[in-house]
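Notes follow once the structure below has been shown.
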Amino acid sequence: MSEPLLAADRRPEGAMATLRRGLAMMPEFRQGLPVTFLLALLATAGRVVVPIAVQQTLDRGLGAPGGPDIPLVRDLVLVSALVVVVTSFAVYRMNVRLFRTTETALAGLRIRAFRHVHDLSVLHQQGERRGSLVSRVTSDVDQLSVFMQWGGVLGLVSVGQLVVATVVMAVYSWQLTLLVIVCFVPLAIAVKYFSRRLAAVYGVVRERVGDVLGAVAESVVGAPTVRAYGIRGRTAARIDTAIDRHYRASVDAQKVTAAVYVSGELVAAVANAAVVVVGVLLGIAGDISAGTLVAFLFLVTLFVAPVQTASEVLNEAQNAVAGFRRVLDVIDTEPDVRDPALADPARARALPPGPLDVRFERVSFAYTAGGRAALDDVDLTIAACRRVAVVGETGSGKTTFAKLVTRLMDPTAGRVLVGGVALTDVAFSSLRERVVMVPQDGFLFDASVADNVRYGRPGLTDAAVTRAFGELGLRDWLRTLSDGVATPVGQRGESLSAGERQLVAVARAYVADPDLLVLDEATSAVDPATEMRLTRALDTLTTGRTTLTIAHRLSTAERADEVLVVDAGRVVQRGRHDELVQVPGAYARLHASWRRSSGRQPEPAA
Amino acid sequence: MSARTLTGLSAPPSKGATVPRRRDAVVRRGLRHIRRAVVEQPRIFVLAFLGSSLYGGMTVASAYVIGGITERVLLPAFDDGATTTAALTLAATAILAVAVLKIIGILGRRLFAGIMSYRLMAEYRRRVTGQYLRLPLSWHQRHPTGQLLSNANSDVEASWFFVSPLPFACGALVMVAITVAALFLTDPLLALVGVVVFPLVFVLNAVYSQVMSPRMERAQQLRAEVSEIAHESFDAALVVKTLGREADETTRFAVKADELRDGLVAVGRVRGLFDPLMEALPNLGTLAVLLIGADRVAAGAADAGDLVSVAYLFTLLALPIRAIGWVLADLPRALAGFDRVTPVLEATGETRHGPDAAPAGTGGAALGLADVDFRFDGAQRPTLDGVTFDVVAGRTVAVVGPTGSGKSTLAGLLVRLVDPHSGAVLLDGIDLRSLREGEVSGQVAFVPQSTFLFDDTVRDNVTLGAPFDDAEVGEALRIAAADEFVARLPAGLDTRVGERGATLSGGQRQRLALARAVVRRPRLLVLDDATSAVDPSVEARILDALRASDRPATVVVVAYRQATIALADEVVWLEGGRLVARGSHAELLATVPGYAGLVQAYQPPEAVERAAGSVEVGA
């Protein structure tokens, strides 16, 4: 098993505890519940009416002292039929009420979980695990909903039926009732074992499903590799193995479910036989009538059915509860970064108007508690309106720097101030409007280029978007698109190349018009000529704002007002490019390496 | 977020082949689909059906056993106030014997029904993925990844899910037939109840699946849309967060989630009505039996035991009859799933291979492109337009061009990932299309722009199952500068890299992909911007190692970096899908302004002139 995704996932918890936690989190679910229960109670009445009618017909109708009493039977049947019709209507009403409340509650739960996921840093820090978060607001909730539509209602009615059947049986004959219960005791004891076995076999099945998904994905995502290396046979064999193992695990699971199901059937038969034998003996002793005994045999089937239903839904219920737990864990996970406007409105502040400076006060950050510090005791000030480049090797802590300035994370120690205000006090509405970051992977939505650009500033017209591209020196590129800014970018922007996606992402941040712009390798996939055109345009356009650029292409550093050199979590050098490049050190090394790769002549020695 | 933008972003993706059809066709198409399942797995179906029939027969038998016991043991004992041990033993034995046979029936039914449905799923998954592997890359490019994954997984599952209760339902039909026959034997008037109730059950089921099918489809579609938004929104997390759009994203999601809720409530409303109706029918049947039966007993036409048997039978039949409903209710979903799987299974356009063997040569292969055109399906402009050039064996050529000029497409053509629309790609003078299957990949190695690693060990990711020994793998890793980090992995060569190499960094993945190409000692190596995450010195080492061999490979490298380009003997300059210029780096620098602008973009204007001058001097 992979490590848990969220802190809350580690907690072991019983099904009842999960249900309690869930009900507390779904206020919609409790609405009108008493009426629903009342209807459920009424519904179960309809199930026992038939056995009672049979008993009455046999004892009082056919066995009447003066020969069969047909009018009595007719009245009995009519009344029973009426009860059946009324209870059917009650079941209908109960079902509809239940479906409505559960679906409303689940939709609410789904939306709350969705909103909450956006607050969790795991979403942007562990990109490869996003899929598992998606499943918490989709398939986990879907599974719950499916369970509620099938098993949930069935379970509720079954429990009622079990209770009512037991009561009616007890009224007819407490001795036989006791006998039936005794017959079912071994089954009740075995349920714990069964549920463990079921959980085990279905655990294997789920794992195999994951293997199949992975293997199938290889044939789709890895399609170019499979073809380029001529390994169709090998890939097919891998998929076949995964499919085969999944098949065998499913059949194994089927064997266990079948065994669980028939054990109920066996117990029912034993109970029936016992009831007949003991019932006849009781009848001879004059304790019960023939009709009562026959009615009892009907009632035993009513008693068995819920038990079998329970064994059927046991596995489904376990899955549903596990899914429920996963959804609840999302909501229960404390976000690492909280909007002060929500957490503590009294403290929340807006950023001051005008240009923004940045201050790091002895800031340290570690991704895991006690782990290696990604940033280590960084203390510095960046004046407003400066263009600062942050450079360093991969893993030196550059990106951490960007994430702290934009408050995607909070420092482990120390604090970050923007415009003189501690970031932890800045309301998100103000922060996100004034401080904008362009990440390396500038994700695009499945919409037009213009829609994606105005995601940063809703309401912007197509003409304004076109103008923005012009200002960024990208008019030529825009002309290569079939439909200008109205061109659809496809799913995840896949109709554009990686470099083109970055161009749109930069435009999106540009129209958002922030006072502090953070570019985290935002143009790494753009061809050099376009990149230079774009950065020159940005240079003039960002005058009057503070710009922080994380870059591995040092062309940016050469043009910056100031360069911060980060190495192993510390700022080791700081200054202008032409100063830094003169002195031996980290920057000179980085620059020499970059110069080699971009094929430049060595700088003339000073 | 303005309403306009909102709709712009949340437009439902209209994909998946929902074949428009008349509503009354569901049941007929469903029956055809059932026949398909039975024809695919006839033996297993027969076994499951036999199990189910045994179960059905024993269910009917158990009712008659109860009736018989009532008539012969129960009533006499109550009348006489005495009974015999033999009678009681017989009664108990009869009940248990029938139960044991019934259990055997259930086991057979459930096991074989499960096997049947899982076999069908496994078989169709094999066929679908077989198609994925068979169909050309151009077909893949036309279909979104997510759609193909769900075709092979959830759609296949939906197609055959109904098979699990199918034998049960067929057994229930047998049971109904036996019951009606038994009713007629018992008493023709009582039989009338069955004749009325059972057809009603079928009619109700048919109406149900007809009413339910569009609702289920809509709910399924909405589920997919909700999932689509969640995927997109979470993938966009960084953008959403940095622009502070969480609330708007939640609104976008909530609108769909609420639509889904309404869709599911609509489904629930129909099911909520159907369930009690299906339950009430056998109950009303039992009551009708009592009404008519009492009359018949009074008239002496039937005895009390018969009455109990028939009444009990109706109670027992309630569940099996529901199985018919389960199958019918699941058929619309099955058909929708199968409709999405069918286009994959029926897709044609397999890459055709020729009869020729690759030229038997060692060392670099000569490469030729003759007037190559390529156009993506539905594209207005060709991606490649009349590209012609030759590469002498053993030479290294850099393909350079601005973003979107067709470089990656060109690289794909060289390894026959796609075929040109006109013109030809020649390896040692032979058209790639005339080579036998496996010959191209035997001669040419390709490292794509985005690396793909299998969820397998480092060793298997390099060898891909080919018989290279550890020394060869180690050498390839060394050339690709991957030896050091592989040595540091917990299990070295045997370390599993996780799904798509999730445990490795981008640069590490890229170096493994390079080792994968290098270990094969290809005669032509195609690198599509495959060293972007690798240090330039490492890249130089790789290319040097390839060329240092006494029989050097021909190398085609797509690149931006001047250091990479400088390693090439020759440069091909692409612009808008056309080969605009070719020559040495120095020549192009001097004659092609676009080329100079691109490769020297990082240099201040005065340095550009100096650099150009010095290269020319050196050339």
Side-chain angles (χ1 to χ4, degrees), chain A residues 50 57 68 73 77 84 88 91-92 95-96 99 103 107 110-111 114-115 118 123-124 128 130 134 137-138 216 219-220 222-223 225 228 230-232 234 239 243 247 250 254 258 262 269 272-273 276-277 280 283 290 432 437 439 443 445 447 451 458-459 499 527-529 532 555 597-599, chain B residues 1-2 5 8-9 77-78 88 91-92 95 99 103 110 114 118 122 125 129 132-133 140 148 152 227 230-231 234 236-239 242 244 246 250 253-254 257 261 264-265 268 272 276 280 283 286-287 290-291 294 298 402-403 415 438 441 446 452 464-465 502 536 562-563 597-598 601-602:
Chain A
V50 167
T57 305
V73 173
V77 166
V84 167
S88 294
V91 173
Y92 166 64
N95 283 347
V96 170
F99 289 148
E103 290 306 337
R110 202 197 282 270
I111 293 164
F114 175 89
R115 176 66 188 84
H118 269 298
L123 190 60
H124 49 84
E128 73 277 9
R130 254 174 231 150
V134 171
V137 299
T138 56
V216 170
S219 70
V220 175
T225 305
I231 48 167
R232 193 167 109 185
R234 178 178 185 269
I239 297 172
I243 290 175
Y247 165 74
S250 308
Q254 188 72 15
V262 294
N272 261 338
V276 166
V277 173
V280 168
R432 302 300 181 211
M437 174 167 101
F443 184 91
F445 293 88
D451 280 339
D527 78 66
M532 289 314 287
S555 50
S597 84
S598 63
Chain B
M1 180 185 262
S2 76
T5 326
L9 287 180
F78 279 70
L88 284 181
I95 290 176
I103 283 173
R110 292 190 66 133
Y118 296 134
R125 283 206 174 107
T129 52
Y132 290 170
L133 292 171
H140 278 264
L148 296 186
S227 163
H231 263 289
F234 290 174
L238 215 45
V239 172
T242 52
E246 293 98 331
T250 307
F253 182 76
R261 175 201 62 202
L264 289 172
V265 170
N283 278 341
T286 311
L287 291 174
L290 288 181
L291 192 63
T403 311
V415 290
S441 55
F446 173 60
F452 183 84
L464 295 179
Q562 218 179 125
L598 185 97
Y602 295 137

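Atoms considered below: every heavy atom in the structure, side chains included; atoms not considered: hydrogens, waters and symmetry mates. Please read these numbers as outputs of a predicted model, since none were measured by experiment. Note on naming: letters A, B, ... go to the chains in the order of the sequence lines (proteins, then strands), and numbering restarts at 1 for each one.
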*Sub-3.5 Å donor-acceptor pair from the side chain of B/Glu246 to the main-chain atoms of A/Arg115, do we have one?*
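The answer is no, because no donor-acceptor pair under 3.5 Å joins these two groups.
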
With respect to chain B, which residue among [options] yields the maximal number of heavy-atom pairs within a distance under 4.5 Å?
| options | value |
| --- | --- |
| A/Ile239, A/Val262, A/Val91 | A/Val262 |
| A/Pro439, A/Gly230, A/Gly222 | A/Gly222 |
| A/Val73, A/Thr57, A/Val96, A/Val220 | A/Val220 |

Could you look at [X] and say if it's the side chain, the backbone, both or neither that has a heavy atom under 4.5 Å from chain B?
| X | result |
| --- | --- |
| A/Val137 | both |
| A/Thr138 | side chain |
| A/Thr225 | side chain |
| A/Ser219 | both |
| A/Arg232 | both |

Top contributor to chain A interface from [options] [non-hydrogen pairs under 4.5 Å]:
| options | value |
| --- | --- |
| B/Ala152, B/Ser227, B/Ala99 | B/Ser227 |
| B/Asn283, B/Val415, B/Leu290 | B/Leu290 |
| B/Gly272, B/Ala254, B/Ala122, B/Ala280 | B/Gly272 |
| B/Gly438, B/Ala257, B/Ala294, B/Gly114 | B/Ala294 |

*Check the angle between the aromatic planes of B/Phe253 and A/Phe114 and answer parallel, tilted or perpendicular using the 30° and 60° thresholds.*
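Rings of B/Phe253 and A/Phe114: parallel, under 30°.
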
What heavy-atom pair brings [X] and [Y] nearest, and what distance separates the two atoms?
| X | Y | value |
| --- | --- | --- |
| A/Arg234 | B/Leu464 | CD-O, 2.9 Å |
| B/Arg261 | A/Ala107 | CB-CB, 3.9 Å |
| B/Leu238 | B/Thr242 | O-OG1, 2.7 Å |
| A/Val276 | B/Ala91 | CG1-CB, 4.0 Å |

*Output all residues satisfying ring pair (Phe, Tyr, Trp, His ring centres under 6.0 Å) with A/Tyr247, sequence neighbours left out; order by chain, then residue number.*
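Per chain and number, A/Tyr247 pairs via ring pair (Phe, Tyr, Trp, His ring centres under 6.0 Å) with no residue.
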
*asked:* Among residues at least two apart in sequence or on other chains, which ones pass side chain to side chain donor-acceptor pair (under 3.5 Å) with A/Tyr92?
replied: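 Partners of A/Tyr92 under the side chain to side chain donor-acceptor pair (under 3.5 Å) test: none.
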
Could you look at [X] and say if it's the side chain, the backbone, both or neither that has a heavy atom under 4.5 Å from chain A?
| X | result |
| --- | --- |
| B/Ala298 | both |
| B/Thr286 | side chain |
| B/Tyr118 | both |

*Output the distance between atom CD1 (B/Ile95) and atom CG (A/Asn272), rounded to the nearest 0.5 Å.*
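CG of A/Asn272 is found 5.5 Å from CD1 of B/Ile95.
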
*asked:* For the CG atom of B/Leu148 and the OG1 atom of B/Thr129, what is their distance to the nearest 0.5 Å?
replied: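 B/Leu148 atom CG to B/Thr129 atom OG1 measures 11.5 Å (nearest 0.5 Å).
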
